[in-house]
Amino acid sequence: MKEMYPKKGRVILHVDMNSFYASVEMAYDPDLKGKPLAIAGNPEERRGIIVTCSYEARKFGVRTTMPLWEAKKLCPDLIIKKPNFERYRSASAAMFDLLRQYTELVEPVSIDEGYMDITDCSDLGSPLQIAESIQKRLLEQLDLPCSIGIAPNKFLAKTSSDMKKPLGITVLRKRDIPMILWPLEVGEMHGVGSKTADKLKSIGINTIGGLAEANDIQLKGMLGINGIRLKERANGLDNRVVDPDSVYDFKSIGNSTTLPRDVSNQVELLKVLERLSEQVAARMKRKEAVATNISVMIRFKDRKTITRSHKLQNPVSKKDEIAAAAKTLFLKHWNGDAVRLLGITGTDLLEADQAVKQLDLFSFEQDARKEPLINTMSMLREKYGKSIIESAGSQIKNKFPEESKGTDTSFNKDFLQDRKLQENEESKDE
């Protein structure tokens, strides 16, 4: 089988589960199969927005992020189920466990998709045979359908997995790019959002092929370094490796919530920010991280959305600190109109034990009172190790951390990290 693999280069698979939440519900309750099914929030509140839906529902025009009332109008027989995140996490863990039976080089991207590097797996068959085996086993053992892309790099693998859904397997080689990718509209390219597509079209770049031949200086001037990166992708260039440890990478921690109704009362809105601050603080504590930048997202009644951020003098991680920064930002930029969504995100993260606080006139006195204790703890850690003294909260490791109470349905990789930690602990006990 080695002749089916390149002498130089890699063979990457992108495994993308089809309508994952809906498929999990169908696997759990086979009576739902073949019926129009949607996963959504509370049907009696506006937070009832379609998270995902079955392909049967899509035939009626039902789409992700569509308001529930609109989806029901298009498909009166639509079956609605609330999200069961524990069920989805369990299914995701089983899915990744199956992928790791082929190779250790598995990189989770989200709860329902991941990359695999099978370059050294020729003993298991050809790349196509491996993909077919994975797809068949996921369907037979977990009752979950997926699409798989086979390519020499991550970008092309991701692109090809989107080409045939559901239950598709697509091979995309670099030599196929001019014929398959370049004629497509630039907005269809993975990594190009609607705003970026509009910017590119404003300078005459309408297709992926146009992006592949675009002027570097013009791209960098408009999109920064990301413009050059997108051009490289359009030419099929992507040197990123499949990194199983990327599950531990995180750049931001945030939560958002859609309000049950439009709210213009300042007291109510500030209470929402306090609740979001508590959720963000809890996740920072779990990750032992601090933020040096806080941003607030405000979506108004007319759906206009603004995001404003503030670089902090001192890193923050506590609820009160996050709330104070968020409230200041909100009050500065809120125009008094009714609000339908609020969000808080901590960015420019640092590991808590690496953060250096810049003392100012207001914090010096309280920090000075703590200094003898801090010095003592530092001495003990230096002598006996970093784990000799830890807060009670840092000892608590939940198997599946609680996500936002709002309607933010995107998953970061918290649940995968915690699973990895649990596996490590179990291996120590054996």
All heavy atoms of Ile344 vs all of Val280, minimum pair found to be O-CG2, 3.7 Å

Between Arg299 and Thr258: side-chain donor-acceptor atoms closer than 3.5 Å = no

Minimal heavy-atom distance between Arg100 and Pro108, with the atoms involved, is NH2-CG, 4.0 Å

(Q) Under 4.0 Å between a side-chain nitrogen and a carboxylate oxygen: does that hold for Glu70 and Lys73? (A) no

Scanning both residues in full, the closest heavy-atom pair of Ile253 with Leu349 reads CG1-CD1, 3.7 Å

Do side-chain atoms of Asn153 reach the backbone of Gly236 as a donor and acceptor pair under 3.5 angstrom?
yes

Note: Tyr55 and Lys165 closest approach over all heavy atoms is OH-CB, 3.5 Å

Checklist line | Electrostatic pair Asp337:Lys304 at N-O distance under 4.0 angstrom | finding: no

For Arg58 and Arg63, the nearest pair of non-hydrogen atoms, with its separation, is O-NH1, 3.0 Å

### Message
Donor-acceptor check, side chain of Asn18 to backbone of Leu167, threshold 3.5 angstrom: yes or no?
### Response
yes

**Prompt:** Sub-3.5 Å donor-acceptor pair from the side chain of Ser92 to the main-chain atoms of Tyr88, do we have one?
**Reply:** no

- request: Establish, yes or no, whether the cationic atom of Arg240 lies under 6.0 Å from the six-membered ring centre of Phe155 and within 45° of the ring axis.
  value: no

Q | Main-chain N/O of Ala214 paired with Lys231 side-chain donor or acceptor, under 3.5 Å | A | yes

key: Glu321 (side chain) donor-acceptor with Ser317 (main chain) under 3.5 angstrom   = yes

Checklist entry - Between the side chain of Ser19 and the main-chain N/O of Ala22, is any donor-acceptor distance below 3.5 Å? => result no

For Leu312 and Ala325 the tightest heavy-atom approach is CD2-CB, 4.0 Å

- Should the heavy atoms of other residues, nucleotides or ligands under 6.0 Å from CG of Asn239 be counted, would the total exceed 12? no

Notebook entry, point to check: Does a side-chain heavy-atom distance below 4.5 Å link Ile322 with Lys318?
Noted result: no

Looking at Val267, is its backbone amide N or carbonyl O close enough to the side chain of Lys271 to form a donor-acceptor pair, meaning the two atoms are under 3.5 Å apart? no

Check: Strictly by modelled atom types, are Asn255 and Arg283 linked by a side-chain donor-acceptor pair under 3.5 Å?
Finding: yes

